[in-house]
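Report on the following structure.
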Amino acid sequence: MTTRSSNPSDEIVHAPHPPLTEYYDSEEDRRNWVGEQFNKTASDYDRMERILGLGTGSIYRRTILGRAGLKPGMHVLDVGMGTGLVAKQAVRILGDASKVTGLDPSAGMIRNAKLPAGVTVVEGRAELIPLPDARYDFLSMGYSLRHVSDLSVAFAEFHRVLKPGGKVCILEITPPQGKIATALLKGYCKYAVPTLAKLIASNRDTALLWRYYWDTIEACAAPENVLRTLESAGFVNVRRTVDLGIFSTYLADKPL
């Protein structure tokens, strides 16, 4: 487990990574480009996720949510819900789908979400959550941090919608330590998975999106700066855990 460092080089994070001009021209173009890709490729997302996660994604998500303190009776907001992969595991822990709300900006992802009856779905962005103050006990985000336009604004929104004592649990992939491990992961994520996508996906842009995923992982803000940005938004007990060297979980609490 790591906690935020006092290193003065730590910075508050706005855009999670520099513009990736191989895909779009500028930061202003990013949101539209990413949204279009998600809308076009949403029907392939679950299948590709199973390949990327080697079929272990559901168990891992449920384990992390439980480890982060999700318990029956809590009200959960899943930000960047996508096709509902984290929200479904939250329902399994809670035993009550009506206590889960999913938020996503992509109409395509929402259409392709396979959710238990009773989950509330809202179209919206992490940076401007169209929900009341102090409504939720637990806020999750699964592998969407890299697609937010401004982390400092999003984290302030997370703080606003959580009740005092509420918990944040952000799942993300971060590059491993060491050149060999990084090269192996890059080869798998940027080349092997997109190649498979070309063979099995129904949309030709799916391979492009999954190649883009690696580039966002590689370019994303340093974990220390993500932790500092959570703290600057008013969260306490800010920390990060890492599984298998690449699966990071950012955890934080809203003060009582």
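When hydrophobic clusters are built by joining Ile, Leu, Val, Met, Phe, Trp and Tyr residues whose side-chain heavy atoms come closer than 4.5 Å, directly or via intermediates, I110 is grouped together with V119. By the criterion of side-chain heavy atoms lying less than 4.5 angstrom apart, applied directly or through intervening Ile, Leu, Val, Met, Phe, Trp or Tyr residues, L251 is not grouped with F247; the two fall into different hydrophobic clusters. Under the 4.5 Å side-chain contact rule for hydrophobic residues, L70 and L139 do not share a cluster. Connection of I200 to W210 is established within a shared hydrophobic cluster, with ILVMFWY side chains joined at heavy-atom distances below 4.5 Å, either directly or through further cluster members. F38 and Y212 fall within a single hydrophobic cluster, where Ile, Leu, Val, Met, Phe, Trp and Tyr are joined by side-chain heavy atoms under 4.5 Å apart, directly or via other members.
Comment: R240 does not engage E172 in a salt bridge, judged by the lack of any side-chain N to carboxylate O separation of less than 4.0 angstrom.
Between C169 and Y250, every side-chain heavy-atom pair lies at or beyond the 4.5 Å cut-off. Side-chain atoms of L145 and C220, non-hydrogen and from C-beta on, do get closer than 4.5 Å to each other. Contact check for K186 versus W214: side-chain heavy atoms found under the 4.5 Å cut-off. Between V238 and V236 the shortest side-chain heavy-atom distance does not fall below 4.5 Å. Using a 4.5 Å cut-off on side-chain heavy atoms (C-beta onward), F158 and F235 make contact. Considering only heavy atoms from C-beta on, P130 comes within 4.5 Å of L103 through its side chain. Using a 4.5 Å heavy-atom cutoff, the side chains of P175 and L185 are not in contact. The shortest side-chain heavy-atom distance between V193 and Y188 falls under the 4.5 Å cut-off.
Listed for the S232 side chain is a donor-acceptor partner under 3.5 Å among the backbone atoms of T229. For N225 (side chain) and A221 (main-chain N/O), no donor-acceptor pair under 3.5 Å exists by modelled atom type. A donor-acceptor contact shorter than 3.5 Å is absent between the side chain of D205 and the backbone of L208. Side-chain atoms of R67 never come within 3.5 Å of backbone atoms of T63 as a donor-acceptor pair (strictly under, hydrogens ignored). Of the possible polar contacts, one joining the R160 side chain to the I129 backbone as a donor-acceptor pair under 3.5 Å is found.
With 3.5 Å as the limit, one finds a donor-acceptor pair spanning the side chains of S152 and H14. Looking at D44 and T41, their side chains never bring a donor and an acceptor atom within 3.5 Å of each other. No hydrogens or angles considered: a donor-acceptor pair under 3.5 Å links the side chains of D243 and Y60. With hydrogens and angles left out, the side-chain atoms of S149 and R31 include no donor and acceptor closer than 3.5 Å.
Across R125 and P105, no two heavy atoms sit closer than the pair CG-CB, 3.8 Å. Residue P255 comes nearest to G234 through the heavy atom pair CD-O, 3.3 Å, listed as atom of the first residue, atom of the second, then distance. Across all their heavy atoms, V13 and V226 have their closest contact at CG2-N, 4.1 Å. For the pair A15 and R30, the tightest heavy-atom approach, listed with the atom from each and the gap, is CB-NH2, 3.7 Å. Smallest separation of non-hydrogen atoms from N112 and G108: ND2-O, 2.9 Å. The shortest non-hydrogen separation linking V148 to A154 is CG1-CB, 3.8 Å.
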Got a list of side-chain donor-acceptor pairs under 3.5 Å for residues 71-95, not counting sequence neighbours?
from: D78; atom 1: OD1; to: S140; atom 2: OG; distance (Å): 2.8
from: T83; atom 1: OG1; to: D46; atom 2: OD1; distance (Å): 2.4
from: Q89; atom 1: OE1; to: R62; atom 2: NH1; distance (Å): 2.5

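For the salt bridge (Lys or Arg N to Asp or Glu O under 4.0 Å) with D137, the lone residue among K99, K254, K163 that qualifies is K163.
Expressed to the nearest 0.5 Å, how far OG of S43 lies from CE of M48 amounts to 11.5 Å. Considering CD of E27 and CG of D150, their distance stands at 9.0 Å, rounded to 0.5 Å. One finds the CZ atom of R61 at 11.5 Å from the OG1 atom of T249 (value rounded to the nearest 0.5 Å). Atom CZ in R146 sits 10.0 Å away from atom OG1 in T174 (nearest 0.5 Å). Here the CD-CG distance, from E157 to L131, works out to 9.0 Å after rounding to the nearest 0.5 Å. A distance of 13.0 Å separates CZ of R47 from CD of E49, quoted to the nearest 0.5 Å.
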Apply salt bridge (charged side-chain N to carboxylate O under 4.0 Å, His left out) to the pair R228 and E231, showing each step before the final yes or no.
CA-CA 5 Å; R228 184 179 181 90; E231 191 173 70; 5.7 Å; no
Step by step, work out the side-chain hydrogen bond (donor to acceptor under 3.5 Å, both in side chains) result for Y23 and D215.
CA-CA 10 Å; Y23 303 96; D215 289 338; 2.5 Å; yes
Determine, stepwise, if the pair M141 / L171 fulfils side chain to side chain contact (heavy atoms under 4.5 Å, CB included).
CA-CA 6 Å; M141 173 181 264; L171 290 75; over 6 Å; no
Show your working on side-chain hydrogen bond (donor to acceptor under 3.5 Å, both in side chains) between S26 and D29 and close with a plain yes or no.
CA-CA 5 Å; S26 67; D29 298 323; 3.1 Å; yes
Run the numbers on L115 and V121 for side chain to side chain contact (heavy atoms under 4.5 Å, CB included), then give the verdict.
CA-CA 9 Å; L115 295 166; V121 177; 3.5 Å; yes
After noting the C-alpha distance and the side-chain angles of K40 and E36, does the key distance pass the salt bridge (charged side-chain N to carboxylate O under 4.0 Å, His left out) rule?
CA-CA 6 Å; K40 289 192 294 187; E36 182 180 0; 3.8 Å; yes
Step by step, would you call D104 with E123 a side chain to side chain contact (heavy atoms under 4.5 Å, CB included)?
CA-CA 5 Å; D104 201 273; E123 188 171 338; over 6 Å; no
As a quick check of understanding, evaluate side chain to side chain contact (heavy atoms under 4.5 Å, CB included) for R239 and D253, giving each step before the final call.
CA-CA 10 Å; R239 68 254 188 228; D253 303 323; 3.9 Å; yes
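Applying the ring pair (Phe, Tyr, Trp, His ring centres under 6.0 Å) test to pairs two or more places apart or on separate chains, none has a residue in residues 103-146.
No more than 12 heavy-atom neighbours from other residues, nucleotides or ligands sit within 6.0 angstrom of CD1 on I180.
Ring planes of Y24 and W33: tilted class, angle from 30 to 60°. The aromatic rings of H147 and Y213 sit tilted relative to each other, their planes meeting at an angle between 30° and 60°.
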